[in-house]
Amino acid sequence: MNSDVTMEKIVSLCKRRGFIYPGSEIYGGLSGTWDYGHFGLALKNNIKRIWWNMFVGSRDDMYGLDAAIIMNPRAWEASGHVAGFSDPLESGKMFNTMFKTSVGAGEDATTAYLRPETAGGIFVNFKNTVDSFHPKLPFGIAQIGKAFRNEIAPRDFLFRVREMEQMEIEYFVRPEKWEESFREWNSAIYRYIDAVGISRASVHELEVPEEDRAHYSKRTIDFEFDFPFGRKELSGLAYRTDFDLSAHAKASGTDLSYLDEDPPAGGKQRFTPHVIEPSFGVDRTILALLVSAYTEDELGGETRTYLKLNKDVAPVKAAVFPLLKNKPQLVAKAREVRASLLQATGYGLQAIQWDDNGNIGKRYRRQDEIGTPACITVDFQTLEDDTVTLRDRDSGAQERVVSADVAQRLL
Ligand code: GAP
């Protein structure tokens, strides 16, 4: 693990630079909740976009879903969560960690739950998806959304929270194909880890023994990450068999089987598909990414901190500075440079920031701390030869580049 990093440093940077704040902070906080600020939200959106493009947008075999967070409570009875989604209290008594709420008014009110995993919404929409799109097996349904768990001991910043966001896929396969699909998703998880920029050297697979597996799983691999507080689960890959579809079919009375019109043995075949489930936590991804990216070094005789984020996840892609803010010619030229960068890159104003505040060194430090890969300074020489200073975040190296050539360096 990156030896500079501690949780205190990450939490402090996140607050100072507008990434993540304690939930309801002015009231003393609420344990297990965190609020994403401007840059944290941009980072989160970038991560979700990468995941969605990789696993849904760029594939023919995937369908998206955005199901309701509050579901008919019978769904959680059928899935086994009402009976078994529990953790032991110190007294040894089991405590169900699903959040309860009530739906409806007065005497009509019934107890319902906030979903503890997004997977539930996927299983209850299996039939809808099959009826609407007639997908051929294997195919998957993907969903990104909030999930809630009344964790007994929330801790370690974003690691164990009570309100989190998950990115989940239920991938439906012919029963005899589960191992092949499990292997494919195992590799796919690394493609995602690499794409967001989590350090691969810090990721380890744990074959979860039977006694530790969720009630629905016949095989689970936990992908663990070396967090500063220890090696802990980052995401999971589970073989859920036909447990969920069969349980929902039985409890709801709805046929959730699949008619394969082109099975390998010929003819037609009706059966309940089996499921491979790669499951990712958005918040844990962000924490692992921050731990991977956090770097301290010495530059120009001073210690500095920067986030080594790749350009796809970085909240800000570049920042443009006029050397001095009281020189109208410099400011006008810098605005022109920024406008042409916006046009050439297609990025929005938020992605190419303007900063004319304080000396250039301070502006570099601010951008370093939020992980901006490049800074562009417009100075007096720019007015003569249309070159700017392009400064690289990681090396701190500066070079003169013709302003029209900068855009291609950012992409
Ligand atoms: N549908 C399968 C499922 O929910 P899980 O291992 O309980 O499996 C999946 O959760 C992922 O959700 C975890 O790998 C983790 O990234 C994230 N996660 C679960 N509980 C969490 C919590 N309390 N705080 C933050 N993330 C959590």
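Values reported hereafter were calculated over all heavy atoms of this structure, with side chains retained and with hydrogens, waters and symmetry mates removed. Counting starts at 1 for both ligands and their atoms, in listed order.
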Passing option when H274 is tested against T241, L137, L245 for side-chain contact (heavy atoms from CB on, under 4.5 Å): T241

Distance flag, aromatic centroids of Y171 and W185, threshold under 6.0 Å: yes

Polar atom proximity, E168 to ligand 1 (N or O, under 3.5 Å): yes

Minimum-distance protein heavy atom relative to atom 10 (O) of ligand 1: Q166 NE2, 3.5 Å

Option of least heavy-atom distance to atom 21 (C) of ligand 1 (set: E165, R240, M164, K232): M164

Lys/Arg-Asp/Glu bridge criterion (N-O < 4.0 Å) met for D405, R409: no

Atom 8 (O) of ligand 1: the protein heavy-atom neighbour that sits closest, reported with distance to 0.1 Å: Y216 OH, 4.0 Å

Residue, atom name and distance, where the atom is the protein heavy atom closest to atom 25 (C) of ligand 1: F159 O, 3.0 Å

Protein contact to atom 15 (C) of ligand 1 [nearest heavy atom, distance to 0.1 Å]: R284 NH1, 3.6 Å

Charged N-O contact under 4.0 Å between K218 and E179: no

Contacting atoms of ligand 1, where contact means under 4.0 angstrom from a heavy atom of E151: 22 (C), 23 (N)

Verdict with supporting geometry, N186 and R183, side chain to side chain donor-acceptor pair (under 3.5 Å): CA-CA 5 Å; N186 196 332; R183 275 195 298 277; over 6 Å; no

Nearest protein heavy atom with distance in Å, relative to atom 17 (C) of ligand 1: G281 CA, 3.8 Å

Distance filter under 4.0 Å to E277 heavy atoms, resulting ligand 1 atoms: 1 (N), 2 (C)

Heavy atom of the protein closest to atom 11 (C) of ligand 1 (residue, atom name, distance): S279 OG, 3.7 Å

N-O pairing of E180 and K177 below 4.0 Å: yes

Over-ring placement of R231 relative to F225, 6.0 Å and 45° cut-offs: no

Heavy-atom nearest neighbour in the protein, as seen from atom 16 (O) of ligand 1, with distance rounded to 0.1 Å: L234 O, 2.8 Å

Test: R59 cationic atom under 6.0 Å from F55 six-membered ring centre, within 45° of axis: no

Ligand 1 atoms in contact with E117 (distance to a heavy atom under 4.0 Å): 1 (N), 2 (C), 3 (C), 4 (O)

Any N/O pair P116/ligand 1 closer than 3.5 Å: no

Identity of the nearest option to atom 4 (O) of ligand 1, non-hydrogen atoms only, from E170, R162, R155, R149: R149

Which residue and heavy atom of the protein sit nearest atom 14 (O) of ligand 1, plus the separation: E233 OE2, 2.6 Å

is_close_aromatic(F182, Y239), centroid dist under 6.0 Å: no

Heteroatom proximity flag, V161 to ligand 1, N/O under 3.5 Å: yes

N-O pairing of K146 and E165 below 4.0 Å: no

Proximal ligand 1 atoms for S235, defined as those under 4.0 Å from one of its heavy atoms: 14 (O)

R304/E369 salt bridge by N-O under 4.0 Å criterion: no

